[in-house]
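All residue numbers in this chain count up from 1 along the given sequence.
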Amino acid sequence: MPMGHTATAETGSGGLTATEHRLSNGLRVVLSEDHLTPVAAVCLWYDVGSRHEVKGRTGLAHLFEHLMFQGSQQVHGNGHFELVQGAGGSLNGTTSFERTNYFETMPAHQLELALWLEADRMGSLLSALDEESMENQRDVVKNERRQRYDNVPYGTAFEKLTALSYPEGHPYHHTPIGSMADLDAATLEDARHFFRTYYAPNNAVLSVVGDIDPEQTLAWVEKYFGSIPSHDGKQPPRDGSLPERIGKELREVVEEEVPARALMAAYRLPEDGTRACDAADLALTVLGSGESSRLYNRLVRRDRTAVTAGFGLLRLAGAPSLGWLDVKTSGEVEVPVIEAAVDEELARFAAEGPTPEEMERAQAQLEREWLDRLGTVAGRADELCRFAVLFGDPQLALTAVQRVLDITADEVREVAEARLRPDNRAVLVYEPVTPEDADDEASEEAAK
């Protein structure tokens, strides 16, 4: 049987507890009881994302997320969806730079079904993976790229800013969606090798949260996952560390059919899991989160030069995090007007820091977001997996908010002064063109 230990409720955990266990094949298991409602959440994080991919095979982690829903040895075709939804549950999967996750929320009495389904595809997906399912899901992912990136206004902004922010060859230089060329180039053998390398129990964390009997749940986990062999062929991701600052401003102008001019920027910020990252989160909350933020008040309310203004944090553990600025202009306002106002507000904040009222409001907002995540069984299961995979300790999920509340105004001002500056950002400027202009430009490019 698996070994484990029980955690007592820590200060700042809101009374929540979790137990940790490990199977003999290396699978880490985290359980958290919550009998408020008769539901249970199953969450499985694999320690693989786009940062593990190599040049020429981008998008493979995300493609494989789709392949995981194409059937396994005992569940054929769309059976995973059909069985979960037929039992009254919901499910999905997602891919990021740093992980791939799969999750179900089930009526409590259907928990065993969800565990069996996840174990079946972890242990036997290769027996069902063939050229037909590969081609089917390749087309699905290419259509997703068209619908979410290529054919919507500002759709490629995330991809462009990421490529600007992280240099060529950096593991975070490309986004999880991958390129069309690389998706076309992926072979069935690529997918099989990817599965054998990364979809092993010793490269995963399973969390189960909700109206559960821990002893029975652990027995089911051992029954269904315990016989799956581990695999030791995984190589660590390439080093994602970079200097604290970019050292100069990087800029790209994009002429596309978009509704309005836009200023977008990515600032290099501290890695997730550090006090400096929490301080940066508070800084961006004061500056650009919601209608009470400084940038919204300045650009939208006072100057009326923008229709939206936001500033948020993309937390990353294996590379510098990114502060994402997104401003859409109002009417015929030019981007330099917006940019000058943004720089003025950032400089003032770096010099003065947040007011006591702003600190209180920002910390309360981040505390509420933390409570929202841990307040549902699915959200708590996801957070437990996140802290286990990225930081080695699921218990950190239960006390994360206390670390934010311990940050001082001086720390917030210092990270703003050091990082929120013009020589530490990648900038994307969108300039609208008419359909006729776009056609003319495409013709000129084709003639070259």
Side-chain angles (χ1 to χ4, degrees), residues 27 29 37-46 48 60-96 99-145 147-148 176 183 188 191-192 194-195 198-201 204-213 216-217 219-228 376-382 385:
L27 179 67
V29 183
T37 55
V39 295
V42 173
C43 186
L44 189 59
W45 272 46
Y46 290 92
V48 58
L60 197 55
H62 178 234
L63 174 61
F64 210 90
E65 173 215 318
H66 285 259
L67 291 171
M68 284 283 277
F69 289 98
Q70 277 292 285
S72 49
Q73 184 172 356
Q74 300 181 76
V75 181
H76 303 293
N78 203 41
H80 197 111
F81 276 98
E82 293 168 357
L83 287 167
V84 170
Q85 292 172 342
S90 60
L91 73 161
N92 214 329
T94 67
T95 309
S96 77
R99 60 96 184 104
T100 307
N101 68 343
Y102 303 89
F103 46 92
E104 295 88 7
T105 301
M106 307 288 285
H109 68 282
Q110 295 286 2
L111 170 60
E112 185 181 8
L113 171 63
L115 293 171
W116 174 75
L117 285 167
E118 288 294 357
D120 190 59
R121 60 182 175 182
M122 177 190 281
S124 69
L125 186 96
L126 281 185
S127 65
L129 185 57
D130 56 21
E131 289 286 359
E132 182 181 357
S133 59
M134 182 80 173
E135 289 306 314
N136 177 286
Q137 289 310 300
R138 191 200 314 268
D139 288 342
V140 169
V141 173
K142 289 168 69 175
N143 278 330
E144 180 182 343
R145 181 182 169 90
Q147 293 169 1
R148 295 177 55 192
L183 288 169
L188 180 61
R192 287 173 172 162
F194 193 88
F195 179 83
Y198 296 109
Y199 279 75
V205 173
L206 171 70
S207 67
V208 186
V209 176
D211 189 17
I212 64 172
D213 176 333
Q216 175 64 76
T217 302
W220 284 330
V221 171
E222 176 66 32
K223 176 182 178 181
Y224 298 121
F225 289 89
S227 61
I228 302 173
T376 67
V377 292
R380 195 183 319 156
D382 190 59
C385 279

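Judged purely by atom type and a 3.5 angstrom limit, D120 uses its side chain to pair as donor or acceptor with the backbone of Q74. At least one donor-acceptor pair closer than 3.5 Å links the side chain of E65 to the backbone N or O of T95. Counting only distance, with no hydrogens or angles, the side chain of D211 and the backbone of V39 share no donor-acceptor pair below 3.5 Å. Side-chain atoms of R192 come within 3.5 Å of backbone N or O of L129 as a donor-acceptor pair. Remark: side-chain polar atoms of R121 are paired, donor with acceptor, to backbone N or O of M68 under 3.5 angstrom. Under a 3.5 Å cut-off, the side chain of T100 and the backbone N or O of V48 do form a donor-acceptor pair.
Using a 4.5 Å cut-off on side-chain heavy atoms (C-beta onward), Q137 and F69 make no contact. Side-chain contact check for Q73 versus L126: every heavy-atom pair is 4.5 Å or farther apart. Side-chain contact between V75 and E82: absent, with no pair of heavy atoms (C-beta onward) separated by less than 4.5 Å. The closest side-chain heavy-atom distance from V42 to L117 is not below 4.5 Å. The shortest distance between side-chain heavy atoms of L91 and Q85 falls below 4.5 Å. In this structure, F195 and L125 have side chains that are in contact, with non-hydrogen atoms separated by less than 4.5 Å. Side-chain contact between T376 and T105 is absent, with no heavy-atom pair separated by less than 4.5 Å. A heavy-atom distance below 4.5 Å is found between the side chains of E131 and L188.
Within the model, atoms CZ of R145 and CG of L183 stand 8.0 Å from one another, a figure rounded to the nearest 0.5 Å. Summarising the geometry, atom CD belonging to Q110 is positioned 11.5 Å from atom CG belonging to L115; distances are rounded to the nearest 0.5 Å. The distance from atom OH of Y102 to atom OH of Y46, rounded to the nearest 0.5 Å, is 7.0 Å. One finds the CG atom of L44 at 6.0 Å from the CZ atom of F225 (value rounded to the nearest 0.5 Å). In this structure, the separation between CG on L111 and NE2 on H109 is 11.0 Å, given to the nearest 0.5 Å.
A pairwise comparison of heavy atoms in P176 and H62 identifies O-CB, 3.3 Å as the closest pair. Of all heavy-atom pairs between C385 and L206, the closest is SG-C, 4.4 Å. The shortest heavy-atom contact between S124 and S72 is OG-CB, 3.7 Å. Considering all non-hydrogen atoms of both residues, A41 and A381 come closest at CB-CB, 4.2 Å.
Between F64 and Y199, the distance from one ring center to the other falls under 6.0 angstrom.
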Determine, stepwise, if the pair E118 / Y224 fulfils side chain to side chain donor-acceptor pair (under 3.5 Å). CA-CA 9 Å; E118 288 294 357; Y224 298 121; over 6 Å; no
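For the residue pair D130/S133, the side-chain donor-acceptor check at 3.5 Å is satisfied.
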